[in-house]
Amino acid sequence: MSAERTGGAAELVTVTIDGREFQVEAGRNMLDIALSLGFDLPFFCWHPLMGSIGACRQCAVRLYWTGRDGEEKSEIAMACMTEAQEGTRIDIDDEEAVRFRAEMIELMMLSHPHDCPVCDEGGECHLQDMTVMTGHSYRRYAGRKRTFRNQDLGPFVTHELNRCITCYRCTRLYNDYAGGHDFGVFGLRNEIYFGRDQDGTLESEFSGNLVEVCPTGVFTDKTLAGHYSRKWDLQTAPSVCPHCGLGCSTTPGAGYGGVRRVVSRYSREVNKMFLCDRGRYGYEYVNAPQRIRAARVAWRPATQVAGQSSADARREQALDAAAVLLRGRRAIGIGSPRASLEDNYALRSLVGADRFYLGLSESDYDLVGDVLAAAGAGGGSAGAGGLPPGALADVQEADAVLILGEDLTDTAPMADLTVRTWLRLRPTAQEERVHIRRWNDAAVGRAKRREPSALWIAAPHAGKLDELAAEAWHAAPDDIARLALALAHEVDPASPPVADLSGAENERVARWAQALHASRRPVVVGGVSGGSRTLLRAAAHLARVLDARTDDASGPARLILTVPESNSVGLRMMGGGRLPQAIAAVARGEADTVVILDNDLYRRTASLLVDDLFRREPDVLALAPLEDRVTAQAGVVLPSATVAESAGTFVNNEGRAQRFSSVLAPSGETREAWRWLRDLMGRLGRQEARGWRDVDDVIAALEHDLPQFRGVAAAAPRADWRLAGSEVARQPRRFSGRTAMDADVSVFEPAPDTDTDSALAYSLEGVGPAQAPAGLLPRTWSPGWNSASGLHKLQEEVNGPLRNGPVGARLLDRGLAGGASAAGITAGAGAGIAGGSAGGGAIAAGQPAPAAPGAHQARPDEFLLLPLHHIYGSDDRSMYTPGVAGRAPAPYIALGSADAGRLGLADGDWLELWQPWMDVRAPFRLLPSLPEGVAGVPAGLPDMPFLSLPGRSRITRTDAPPAGQAPASGAAWAPTGGAWSPDATPAGEATP
Amino acid sequence: MGTGTLVLLDDKTCPVGMTLNMMEFFAQESCGWCTPCREGLQWAAYLLREIEEGRGKLEDLDVLAEQVWFMASDKCFCDLAPGATQPLEAALRLFRDDFVAHLKAGRCPYAPAEADESAGAGLAGEAGEPAEPGAAAAAPAGKAAG
């Protein structure tokens, strides 16, 4: 716990623990200090991020003090509730304290079932660890155990409440921190019940964290139970979540050739110790039957390729076939925001910088460009250009947060949890006055109830965070942009005023400006998900103006922007053309072959355009891990590895390059996309990639070629890192299944898999977590601490950085506008691609205030159509997890109360909307908070066609499709033909 | 006892039964926040009922004494359990003979003999008179549950 959480500069005091003196930060609690210093002291209810409540009485120590008469006194005290002051003296190794701690375990065990052998928590159970640590072994209680009825909590979390030791961590996390409403604590005495008021799926987007927070087996991972392995039988490696743009750190666990589960990996700057449920449970796509495991060549009988030959031979055949498509042909490449830097760079190298296209939707191309522009010159916060991109960790130090246009819960869920955590833990004047410490959780919670919120939200529709906000205002993006620009003018009169503000707008601006004037460290949160460049730029401008305040009390302002996908920023930094330009190049006959890297283009642009691309019959080479509408039409399909099976780098929304490592070896003919592309270059006689033996070689080439990526190599240790000749072991020491796992197939022990791309070994031999560099930390484990609650053993101090080095490397701090970096960024646009839209030049030094848009006007005949994001549904990869798919919405068209009333719409009605190339019919859904004249459709649903959003569209009532023609709850859609493609044959009712 | 109050018992009232009554009340009152009180009080009530109903063991007295120790005021979150264990502490100290009598008799010596019990045992319970420890010899031996 650093100074920020104790609410002031660190004052050092001398404390004594077991007779040894230590200099420590005043005001921290003695449990935190003892653990940070390396003492083993058992605990349950204390949690590093949620503080102390003094309920479990497990961290008992002897506390000494001197009475008024000068006599030394002592008593048993709870370390977690004891504040470190000058002269604080405790003994952990006190006879009575030791006996008491063992007694507490006996009490918790009175009703605890003897089911460790069949409990999913076994082997990573904090209760087991603490029981061993205290030495309790024999239970004297012989009466009846109290028992509970368990609940069905939905697809993610199993409930087995008889194992409960009543530490209250679950309800504190779920209710107090994550803001859940459907879970709680019931009952009294020894019959405390933690659960819902009735069976049902946990509603919180963060329910999976119960699994890690619970110190015993009450809450366990239900998806893991479907293909269970003990922790000691799981092969683990550091990874990065691929399901949104925040880049949370994860630790996937693999066994039997598949990913079994995902748990959080500590990242001080991003996700701390938590994950959202999309990130935790979205992994099933790795194991999905839709995985492509064998190379496929369309024009040859399958038997010839997939015959009896070895995987290597089949790979060679596939490469031969792919080389035919490329040799002497004019090829273009389409990259992907969910493929690594290395894979994208390899494709760019294959086709050439001027023939490399990013494969982003038009909207994302512009918006992510604006995100980079907002980072601008960076470096110094007072610079003429942009701000260094804000990290989630910056929220922790804020005194006001403005969310402009983002529904964080659905677009960047861990940002939502970060804001919630901040709201609870931010220091307040009241707490300072009465000396409430940040770790004193019950007191902090009570004090916060009386404090006004410091969260301000302006968004197109209501969100889950609204209830915590001082004010939540729902308006069209242009109106929110007007608010942001008007606020900027209030903060700095030099920023141009917004014309024609209405009376209500003026009042709102005055209220919000008051909050900003009072704040010293404001954070502005915006992003791309609303689709409005005007709003994104207005938010960035407001943050710059706040940051430039020169009065003495003001600290730096931060700007946190969300991006859609795991490598959106990395891909946009690389630079390249726009997707429609790629399609146009094919249409103009300028390209014979299209190489598509893990990208279902039907999610990026109108299906009519993609259909047109294929209708021109270019040769298509697809590298993809999963079957999709592109691989179905490709001439050659090469199976590429997922995040779980390869090493690579993603750049997250704050420009942080983060390395992921493979957690299991690719199976079948699957391999990393860059390896396929390297070998293709070799086939074609090209020299660039000849030296690429491992991912470090690709990164070296990338850094050399594109200076904006300098620093990527520093994101993680190189593959040739060794400690005393050893790599880091992916498998725990007790990995028992090594010789038995495949015994049903062959009793001969298979050769271990090899991995040349990281200093991690598929072995139980090697460096363990304690000595591993932070960038290679394979799991949370240290001797005696088998559960997630042993994290502090791997940190420099509780809540501090991981020991053994940094993780990740920020790329945007040094600025983008100057020198070679800018050249790299704009290389795509400069390479003969007419990519510059009106705002294309935004990546430049000295960013002027954007012009204020006019106020949003509702039109009776035409709606502003916005994308509505869903944590379950808008990311297609996580939809392979049945529990995620089951919670995704069916397609719909949403209108606000005013419009629904005007049109007389009711549940069960169907609406039809027209876009230039697409009609969509879908059921009406009432979203009361949508402003008048604004409609919404769910973004990214697999059942929905691509719609160019935001857009304008006529929406009318229509008849429900007859039964059998379309699913009752689904959408029907049909391309309507258009100017783009005169020779397009009008399609009938297309299938979603 | 407990809160500084004196409770007067006549010679027909079982001090173990009275302590049990109080402990069952306090075990009901526990809010369930901290471990010693939540688990300790109901365990104490359980042991007292075992003793009162004749299923107690001599070791149970040690466990009860230990419960007084771990529910002391420096060890619990609030003062409910420390207050609740005061009468238990006093009872163990002042009425140890009565506890032992329960254990030896295998039943409460203050309780009237039940109709279906053997004749020999029934004599001791006459007119609610405290049973002589020796009279318990004919009663079934105390049996621990579980």
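So you know, we letter chains A, B, ... as the sequences are listed, proteins then strands, and number each from 1. Hydrogens, waters and symmetry mates play no part in the numbers below; they use all other heavy atoms, side chains included.
For Glu75(A), the parts lying near chain B are the backbone and the side chain together; criterion is any non-hydrogen pair under 4.5 Å. With a threshold of 4.5 angstrom between heavy atoms, Tyr168(A) approaches chain B through side-chain atoms but not through N, CA, C or O. In this structure, chain A has no heavy atom under 4.5 Å from any part of Cys37(B). With a 4.5 Å cut-off on non-hydrogen atoms, Glu59(B) does not touch chain A at all.
For the pair Arg57(A) and Glu39(B), the salt-bridge criterion is not met [side-chain N within less than 4.0 Å of a carboxylate O]. Here Glu72(A) pairs with Arg89(A) in a salt bridge; the nearest charged N to carboxylate O distance falls below 4.0 Å.
The choice from Arg38(B), Glu29(B), Gln42(B) that makes the most heavy-atom pairs within less than 4.5 Å of chain A is Arg38(B). For the options Ile165(A), Ile76(A), Val185(A), Ile192(A), heavy-atom pairs under 4.5 Å to chain B are most numerous at Ile76(A). Per-residue heavy-atom pair counts under 4.5 Å with chain B were compared for Arg144(A), Glu191(A), Glu106(A), and the maximum is reached by Glu106(A).
Within the 6.0 Å centre-distance limit, the rings of Phe219(A) and Phe183(A) are counted as a close aromatic pair. Checked against a 6.0 Å centroid threshold, the rings of Phe100(A) and Phe70(B) do not count as neighbours. Taking the six-membered ring where the residue is Trp, the centroids of Phe194(A) and Tyr174(A) are separated by 6.0 Å or more.
By the 6.0 Å and 45° rule, Arg169(A) does not stack over the aromatic ring of Trp46(A).
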